[in-house]
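Nothing here was measured: the structure is a model prediction, and the numbers come from that model. Letters A, B, ... mirror the listed sequences (proteins, then strands); counts begin at 1.
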Amino acid sequence: MSSLVLSTATRYLLPVLLMFSVFLLIRGHNEPGGGFVGGLTAAAAFALFAIASGVERARQMLWFHPRTLLGTGLLFAAGAGLLAVTAGSPYMTGLWTSFEMPAVGKLGTPLVFDVGVYLVVVGMVLMIVLELAEE
Amino acid sequence: MSNDHDTHRTQDQATQAAERMLPLVPLGIGIALASFAATVAAGNAPSLQLPWVPSLGVQLSFQLDGLSLLFGLLICGIGALVLVYAPAYFGDHPDRHRLYAWLILFMGAMLGVVLADNLITLFVFWELTSVSSYMLIGFKHESQKSREAALQALLVTGIGGLALLAGILLLGHAGGSYELSELITKRQALQNHPWLIPTIVLILLGAFTKSAQFPFHFWLPNAMAAPTPVSAFLHSATMVKAGVYLVARLSPIFSGVPIWDDSSVVDGSLTALTGGLLALQQTDLKRILAFSTVSALGMLMLLLGLGTPTAVQAAMVFLIGHACYKGALFLVAGTIDHCAATRDVRKLSGLARMMPLAAVAAALAGLSQAGIPPAGGFLAKELIYESALKLTTWVVPVLVLVFFANTSFVAVTALVAVRPFFGQPSQASASAHRAHWRLTMPPLLLGIAGLAIGLWPQTAGLFLVAPAVAAAGHAGDDVYLKLWHGFNLPLLLSIATLATGYVAFARWPKLRAQQLRLRWLYHWGPETGYATALQGLRSTATWQTKMLQNGSLPVYLSVVLLAFTALVGWELVDHIDIPQSGPWLEVRPYEVCIPLLIIAAAAMAVSTDSRLAAVCALGVIGFSVAMLFVMFGAPDLAMTQLAIETLTVILFVFVIYRLPRFTIFSNRIARLRDAALAVAAGGVMTAVVLAATFAHTPSRVTPFFIEHSLESAKGRNMVNVILVDFRALDTLGEIVVLAIAALGILALLRLRIDASDSEESGERRQAEQYERSPRASRSLP
């Protein structure tokens, strides 16, 4: 499946799509988006890259093994709630900083949680897609 | 390379050092417990409470009274000696570390059982002993016999454990507390409670299975598949006495209730009889000892059931004596096995020359078991006869029974502790090697302990027996142990026992041959019942797995759809009326196009005989649904749907290469049936959506989220706020499920790759063929 058009296009599409996925992730709290759809977008971007340039290149580009992403994501999601426990509130209570970032809004533990969801989704989809695409 | 070697050696040294230190754990606990001996003897019971589940009345509460102290010291003492013994027995067995871990865990659990004051706490520790016993019996897990014996022990004691739990719950509800110390004060109320009989039956079931009482005794001899140090510790000295402990512990509450006393007496007698008879049929040292342990456990149960002060006192003395001599004899059996490589009593003789210390240990233990003065066993036997003679009813049957059991003990002693050591060395004995001190010192110490009880009966009586008798509900002041009672009936009975036992031993081969003729009886024994039940369970499981999980995806889908259609459809028809009028007609023309497209694509998906076309058609359906979401104001859903559809198509593209040629397997009738089911399911789903849309039940959830999502969760996208904040725990659960599913899929993919290695060439040929076919080459990218 080597197509010059596809591989050249993907080289430019991958960073754009990844940026878009992060954009979806961080705007999710106020506008349509979120960790789940962001993760799917990022995974689709890598899947596209794998089709265009081969699984080996895709794995290199990903840098982390999908299962590392999966585990890290779970750690983020479960850990985000623990911060509240150390502050004396029940597990999973949202903690917020007063600091307001442009485009993101207030920063808080729910964003950390959403990052976790993002990573789990990316890890899960790529684990299966790359395994299937291998060979 | 040499570095690697050094690391190994350092590790080995560390392991050995740890092995040497291990006995210090039980020793330390034992000394700590012993330091309370004077306090306990004075009638106090130190206690400790830690909250666990206070709302359910469950707390980690412990109390150290006489009974706990007696058991605790036995557990720690024998535990320490077994741990001294084990390193020499196991040598450098690669799995020995696991065994030590389980032994220590077992010891902790057993201490928990005897120290717990809260019944739920007691139960948890009780089950832990069963679990660790399972792991220890199954230590030689390569052998099927070990595994089966482990499972048998676990199932029998586990079923009893469930009964015990039910009994404990009844008792706790009836008494309003799970604390033993509190329940004992409510004896009167509990004995008049309507649940008394079920409570007693369930608790006794737990105690009887654990202590291998008839008809559950069969698991104990089979548990001899465990390594001998384990048998010595768990299956003679401690764990199997947990049932006896429980009965003694609850006697202050239930004694006097006929069913409690009589069950223990009758079943204990049967057990003592069965064990005593079967012990003399065996030729394996360990199995002889195991059946004689069954007999001893029956005797203990019988004595507790009799419930007179003398009987309870006899039970306690016998318990100590038995733990010491049986532990010692098991350890000696292990030593013989280790050095002479056989446990067949017929092949062993003249071992005393090779292992004099083991012979001394066996002789000391034998003195106690046969009840020869001045060993502790003699005290126990005198007391047993005395308590039988003091009975007001059932004197003769009980006397005959205990006489029989004691005779059997004497014969077993001669068989196990005397015969292997004397006479001309047999072939196996001659080739035996000398025993390491670790293999002889522990049994020797146990033998000496048994002797010490007989030599200093008053000390033992004051610090061990009297407080235990007091805890079992009798005045401990009556306890006055002495070796010499003068010439009386018990002494005469003792002498008669010795004589009869010797005769039984002398005629053992003949006796055994006679008994073996009754072997056909085993076919109707309780173990056959166990095997039948297990076999039945297995075939039922196989049958229902075949029925419910036959591996056919179409069948699974049909069942799911059929159930959905039938249940939801019935509910809809029965309860909900779909309004005839509604905003039906306010549909804009372009909105009609999309459903039409969906219908066309669905028709395409089911009618095409090209996989790729079907996938594309499904994609069209998915994207059309996403369009609907966009039109009706659900951008979040639309985006997710689009992303999912894209990925699904990608996944299909990867998978489609691996699939064999498209073939239609089902016949016309099957397809018509499936079509009908599909239409019905779709129809019900449509009806559900309509009903949900038209139903005007005001939601209480939506206003809450509208109100709170910006204010307390600081987000304007309500859907996302629900996902990551209000319902974050649900989301966490979902992503965990996702992760597990991903791992499962990965495992399946890998499995498939491995399994198809051999068929790979065939599959590839098929795939190539597929690619070459005109239709496929047209549609593949």
Practice problem: State, with a plain yes or no, whether a side-chain heavy atom of F36(A) is found less than 4.5 Å away from one of N720(B). | Solution: no

Quiz item: Between A728(B), A643(B), A634(B), A638(B), which shows the greatest number of heavy-atom pairs under 4.5 Å with chain A?
Solution: A728(B)

Quiz item: Given a strict heavy-atom distance threshold of 4.5 Å, which part of I735(B) is in contact with chain A: side chain, backbone, both, or neither?
Solution: both

Quiz prompt | Min side-chain heavy-atom separation N717(B)-E31(A) under 4.5 Å | solution = no

Quiz item: Which pair of heavy atoms, one from E131(A) and one from L749(B), lies closest together, and at what distance?
Solution: CG-CD1, 3.6 Å

Quiz item: Residue by residue, which of residues 13-25 of chain A have a heavy atom closer than 4.5 Å to a heavy atom belonging to chain B?
Solution: L24(A)

Self-check item: side-chain contact (heavy atoms from CB on, under 4.5 Å) against L95(A), all qualifying residues, sequence neighbours excluded
Solution: L83(A), A84(A), A87(A), T109(A)

Practice problem: Examine whether an atom of L738(B) lies under 4.5 Å from a heavy atom of chain A, and if so say whether it belongs to the side chain, the backbone or both; otherwise answer neither. | Solution: both

Exercise. For F113(A) and L732(B), work out which heavy atoms get closest and say how close.
Key: CZ-N, 3.8 Å

Quiz item: Out of D725(B), V724(B), L729(B), L642(B), which one racks up the most heavy-atom pairs below 4.5 Å with chain A?
Solution: V724(B)

Self-check item: Proximal to chain B - members of residues 122-130 of chain A, heavy-atom separation under 4.5 Å
Solution: M124(A), V125(A), M127(A), I128(A), V129(A)

Quiz prompt | Within residues 64-78 of chain A, residues adjacent to chain B where the heavy-atom gap is under 4.5 Å | solution = L70(A), L74(A), A77(A), A78(A)

Quiz item: In terms of heavy-atom pairs under 4.5 Å with chain B, which of A47(A), G33(A), G94(A) leads?
Solution: G33(A)

Quiz item: Is chain A contacted by the side chain of L723(B), its backbone, both, or neither, given a heavy-atom distance below 4.5 Å?
Solution: backbone

Practice problem: Give a yes or no on this: more than 12 heavy atoms of other residues, nucleotides or ligands lie within 6.0 Å of atom CZ of F564(B). | Solution: yes

Quiz item: If you count the non-hydrogen atoms of other residues, nucleotides and ligands that lie under 6.0 Å from CZ in R727(B), is the total more than 12?
Solution: no

Self-check item: chain B interface, residue from T93(A), L40(A), L48(A) that has the most non-hydrogen pairs under 4.5 Å
Solution: L40(A)

